[in-house]
Amino acid sequence: MLNQNQQVFEQIKKADNILITFSKEWSGDGISSALALFLFLKKIGKKPVVAAEKDSRTGGFDFLPAVAEIQPGLSGIRQFVITLDTRKAKVLQVKYKLEAEALDFIITPKNGSFTKDDLSIKPSGFKYDLIFVLDTRELESLGRVYDGDTELFYKVPVINIDHHPSNEEFGQINLIDLTAVSTTEVLFKLFEAYSRGSIDEDIATCLLAGMIAKTRSFKTPNITPDALSIASQLIAMGARREEIVNRLYRSRGLNVLKLWGLVLSRLAGSRGNRLVWSRVRQEDFTEAQAAVDDLNEVIDELIVNIPEVKVMAIFYETVSGDRIASHGLICAIKNMDAQSLLKEFEPTGSKTLAQIASKQPLPEFEKNVIAVLDKKIGQLPT
């Protein structure tokens with residue numbers, strides 16, 4: 001009986017056009033694992049495509065090899081076949097005319113004539129014959145890549161690779177390693193099972209980038225000896241560790257540092273810092289010359305420096321004309337579900353990073369949300 005790694009490679013062997021996708025959160029581990037797999041599949045002669053719903057939080061990983069190959073969505077995933085029965089009449093000429101909202105085919109018979117009964121239309125098979133879904137807990141987390149054609153994910157074999165215990169095991173093959181600290185670590189073991197020689201410098205760099213991003217440069221408490229050993233092996237294989245660390249952790253812009261200071265000045269916590277929150281006013285963004293997207297880097301830093309935190313919330317304001325709206329950005333870690341915690345506020349986003357909004361003034365909105373979160377976290381076991 002084949003083990004899981006062998007099953008994965010049997011599917012790869014039979015496939016040609018392979019889709020790689022990952023959660024719309026665009027986590028560092030998700031981006032890095034997708035690019036590593038893309039480079040690996042190209043190296044062994046396949047035709048991979050990487051696609052993920054476009055997110056604004058991708059700039060920090062622009063240095064990775066092949067990052068420009070990531071498509072913001074899927075297009076042309078299946079074709080339509082127009083069939084003309086030529087048993088009664090043969091074709092002399094075929095032309096087409098493209099109008100603003102229509103495409104006309106003009107078919108001239110060599111003899112006889114065609115009728116509408118000679119014409120049939122049917123969809124062909126899908127463009128892809130195998131799908132890899134990486135670092136994604138459930139298919140809905142793929143966003144528009146999944147919502148745009150759900151049938152694709154039920155008609156084409158799916159290989160689901162992850163390390164989260166909350167993964168819903170939606171694939172025909174579910175390669176989920178709960179002992180791994182990142183999805184890129186799972187991929188390293190998969191590639192190694194195929195051939196260590198298949199891991200070149202670019203692939204090694206992507207794999208190490210995912211591990212470093214997931215562990216905040218090996219500062220999180222879930223580090224294992226196995227993870228450290230794999231990181232060491234990747235560096236020996238040519239992974240560009242200094243470039244990764246410099247780009248991810250040593251190149252904070254002055255605007256982010258200013259915003260970081262403003263967030264720290266209003267930081268509050270409860271339940272032994274299992275719940276931590278802060279507030280950013282509209283004038284703070286102006287003073288720091290920062291944008292809402294910069295809050296994601298601030299959240300990353302807070303999580304690293306407060307190891308006991310389970311839920312991190314940052315409340316902020318946006319202005320449109322004369323209207324001011326209040327927002328909340330809530331990050332849940334350690335197997336917490338941000339959307340479930342915030343269901344009263346109709347959140348968007350994902351289980352790990354949810355967004356909420358309100359017309360209430362920011363202090364009032366913050367107070368109401370924190371009251372709900374504090375109560376729910378207080379009911380959880382410590």
Side-chain angles (χ1 to χ4, degrees), residues 4 7-8 11 18-37 49-58 70-74 77 126 128 130-187 190 210 213-214 222 296 299 310-312 329-356 376 380:
Q4 278 195 310
Q7 291 175 39
V8 170
Q11 290 296 320
I18 301 174
L19 172 64
I20 304 166
T21 187
F22 54 93
S23 171
K24 63 182 181 181
E25 293 176 30
W26 281 64
S27 71
D29 191 23
I31 298 168
S32 301
S33 58
L35 294 175
L37 182 59
V49 168
V50 189
E53 181 178 325
K54 188 64 177 174
D55 188 283
S56 61
R57 291 166 282 128
T58 62
I70 302 177
Q71 300 179 10
L74 297 178
I77 59 175
F126 287 100
Y128 304 106
L130 182 63
I131 301 171
F132 279 92
V133 180
L134 305 173
D135 197 49
T136 303
R137 292 172 174 82
E138 69 281 313
L139 287 172
E140 289 76 12
S141 292
L142 297 174
R144 290 191 295 271
V145 168
Y146 172 69
D147 297 335
D149 199 326
T150 57
E151 188 180 4
L152 171 68
F153 291 84
Y154 296 99
K155 293 294 181 68
V156 176
V158 173
I159 298 177
N160 169 27
I161 301 180
D162 198 3
H163 70 105
H164 295 103
S166 57
N167 188 284
E168 294 185 356
E169 300 192 10
F170 48 79
Q172 280 68 53
I173 299 175
N174 297 293
L175 184 55
I176 301 169
D177 185 352
L178 303 184
T179 67
V181 301
S182 67
T183 300
T184 41
E185 181 181 335
V186 184
L187 278 180
L190 179 67
K214 188 68 177 185
N222 62 332
N296 295 287
I299 287 176
K310 289 190 174 182
V311 177
M312 172 72 60
L329 189 63
I330 289 80
C331 179
I333 58 177
K334 299 182 181 177
N335 302 323
M336 301 287 283
D337 185 337
Q339 289 198 319
S340 294
L341 291 171
L342 296 163
K343 60 182 179 181
E344 296 93 332
F345 302 95
E346 300 181 355
T348 59
S350 65
K351 292 180 178 180
T352 56
L353 189 67
Q355 297 90 35
I356 53 177
K376 291 184 178 181
L380 299 173

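Rounding to the nearest 0.5 Å gives a distance of 7.5 Å between OG1 of Thr348 and CD of Gln339. Summarising the geometry, atom CD1 belonging to Ile159 is positioned 9.0 Å from atom CD belonging to Gln7; distances are rounded to the nearest 0.5 Å. Atoms CG and CD, from Leu142 and Glu25 in turn, are 10.5 Å apart once rounded to the nearest 0.5 Å. Atoms CD and CZ, on Glu169 and Arg137 in that order, are 14.0 Å from each other to the nearest 0.5 Å. Taking OH from Tyr146 and NZ from Lys24, the interatomic distance works out to 12.5 Å, rounded to the nearest 0.5 Å.
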Derivation of the side-chain contact (heavy atoms from CB on, under 4.5 Å) call for Ile161 and Ser33: CA-CA 10 Å; Ile161 301 180; Ser33 58; over 6 Å; no

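Ser23 places no side-chain N or O within donor-acceptor distance of the main-chain N or O of Thr136, the cut-off being under 3.5 Å. Side chain of Asp177 to backbone of Val186: no donor-acceptor contact under 3.5 angstrom is found. Side chain of Glu53 to backbone of Arg144: a donor-acceptor contact under 3.5 angstrom is found. Remark: side-chain polar atoms of Thr150 are not paired, donor with acceptor, to backbone N or O of Asp147 under 3.5 angstrom. Here the side chain of Thr21 pairs no donor or acceptor atom with the backbone of Ala52 at under 3.5 angstrom.
When all heavy atoms of Ala354 and Pro347 are compared, the closest pair comes out as CB-CB, 4.1 Å. The heavy-atom pair separating Gly210 from Ser182 by the smallest distance is O-CB, 4.3 Å. In this structure, Val158 and Gln172 approach most closely via the heavy-atom pair N-OE1, 2.6 Å. For the residue pair Phe153 and Val145, the shortest heavy atom distance occurs at CE1-O, 3.5 Å. When all heavy atoms of Val181 and His163 are compared, the pair lying nearest together is O-CE1, 3.3 Å. Scanning all heavy atoms of the two residues, the minimum distance from Lys376 to Leu342 falls at NZ-N, 4.5 Å.
Residues Phe22 and Thr183 form no side-chain contact, since every pair of their non-hydrogen atoms from C-beta on lies 4.5 Å or further apart. Residues Leu74 and Leu19 form a side-chain contact, since some pair of their non-hydrogen atoms from C-beta on lies under 4.5 Å apart. A heavy-atom distance below 4.5 Å is found between the side chains of Gln11 and Ile173. Ile70 places a side-chain heavy atom less than 4.5 Å from the side chain of Trp26. The closest side-chain heavy-atom distance from Leu37 to Leu134 is below 4.5 Å. The closest side-chain heavy-atom distance from Phe132 to Leu175 is not below 4.5 Å. You'll find the side chain of Ile131 reaches within 4.5 Å of the side chain of Leu152, heavy atoms only.
A donor-acceptor pair shorter than 3.5 Å cannot be found between the side chains of Asn174 and Asn167.
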